[in-house]
Amino acid sequence: MKVSVIIPTYNEEGVIRTCLDSLSKQTFKDLEVIVVDDGSTDGTLKSISNFQFPISNFQLLTQKHAGPGSARNFGVKESSGEILVFVDTDMVFKEDFIEKFYMARDSDTFT
């Protein structure tokens, strides 16, 4: 696994599926997506559970409400990627977002 995308979520029923849909269409396939629900009290968990993610490397983790930092840390502990990408639930990505991100790490962009 090269890239782990970690998404902390808390009461994001209205936007999480759009985010997941955009990640499911990525051209870069050597990735895992980890959603950490931080004790949502709305329909977030149901919305995520009903989403048919087309890659097998999708995890839905849950924890008691402890904040986004704690949720990110939990996601990191469960990840297997060489590169970690943290995103928020209200973000939507072009199909080549992860591919460009991955390729840029070898360029002068990050030096």
Side-chain angles (χ1 to χ4, degrees):
M1 196 62 50
K2 295 193 184 294
V3 177
S4 295
V5 179
I6 300 170
I7 311 168
T9 186
Y10 177 72
N11 290 344
E12 298 288 348
E13 175 183 14
V15 294
I16 186 64
R17 289 183 66 128
T18 304
C19 177
L20 291 176
D21 185 53
S22 70
L23 288 170
S24 73
K25 296 175 182 171
Q26 292 299 300
T27 55
F28 188 88
K29 300 300 181 192
D30 197 5
L31 77 148
E32 68 180 346
V33 175
I34 300 172
V35 177
V36 181
D37 183 76
D38 187 37
S40 291
T41 57
D42 66 354
T44 299
L45 277 174
K46 183 177 180 181
S47 183
I48 297 167
S49 296
N50 290 336
F51 186 78
Q52 298 297 317
F53 210 80
I55 64 169
S56 61
N57 297 318
F58 175 76
Q59 293 183 62
L60 172 58
L61 308 174
T62 60
Q63 68 176 26
K64 291 184 179 180
H65 186 61
S70 175
R72 285 184 190 96
N73 288 338
F74 184 26
V76 168
K77 288 178 187 175
E78 298 299 317
S79 69
S80 61
E82 299 166 14
I83 298 170
L84 303 176
V85 178
F86 298 97
V87 302
D88 294 323
T89 55
D90 61 351
M91 298 172 79
V92 178
F93 307 96
K94 291 184 178 181
E95 292 178 354
D96 61 352
F97 169 72
I98 298 295
E99 183 176 0
K100 285 184 175 180
F101 184 88
Y102 183 79
M103 299 307 279
R105 83 192 198 309
D106 286 333
S107 72
D108 293 335
T109 306
F110 290 116
T111 57

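Bear in mind that the values here come from a model prediction, so they are computed numbers and not experimental data.
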Task: Minimum heavy-atom distance between Phe58 and Val35, given as atom pair plus value - done: CE1-CG2, 3.8 Å
- [ ] Write down the atom of Ser4, the atom of Gly81, and the distance for their closest heavy-atom approach.
- [x] OG-N, 2.8 Å
What's the spacing between [X] [atom1] and [Y] [atom2] if we round to 0.5 Å?
X: Gln26; Y: Lys100; atom1: CD; atom2: NZ; answer: 11.0 Å
X: Asp90; Y: Thr9; atom1: CG; atom2: OG1; answer: 9.5 Å
X: Phe74; Y: Asp37; atom1: CZ; atom2: CG; answer: 11.0 Å
X: Asn73; Y: Glu78; atom1: CG; atom2: CD; answer: 12.0 Å
X: Ile7; Y: Ile16; atom1: CD1; atom2: CD1; answer: 5.0 Å
X: Tyr10; Y: Asp42; atom1: OH; atom2: CG; answer: 8.5 Å

For the backbone of [Y] and the side chain of [X], can you confirm whether one donor and one acceptor N or O come within less than 3.5 Å of each other?
X: Glu32; Y: Ser80; answer: yes
X: Ser79; Y: Val76; answer: yes
X: Ser49; Y: Leu45; answer: yes

- [ ] Report yes if some heavy atom in the side chain of Ile83 is under 4.5 Å from a heavy atom in the side chain of Phe101; otherwise report no.
- [x] yes
Taking [Y] as the starting point, is it possible to reach [X] by hopping between hydrophobic residues whose side chains are less than 4.5 Å apart?
X: Phe53; Y: Ile98; value: yes
X: Val5; Y: Leu60; value: yes
X: Val85; Y: Ile6; value: no
X: Val3; Y: Met91; value: yes

Open item on the list: Less than 4.0 angstrom from a charged side-chain N to a carboxylate O is my criterion; do Arg72 and Asp38 meet it?
Closed with: no
- [ ] With sequence neighbours left out, write down each residue that passes ring pair (Phe, Tyr, Trp, His ring centres under 6.0 Å) with Phe28, or none if nothing qualifies.
- [x] Tyr102
Open item on the list: Among residues at least two apart in sequence or on other chains, which ones pass ring pair (Phe, Tyr, Trp, His ring centres under 6.0 Å) with Phe97?
Closed with: Phe93
- [ ] Could you list all the side-chain hydrogen bond (donor to acceptor under 3.5 Å, both in side chains) pairs where at least one residue sits in residues 11-22, not counting sequence neighbours?
- [x] Asn11-Thr41, Glu12-Thr89, Asp21-Lys25
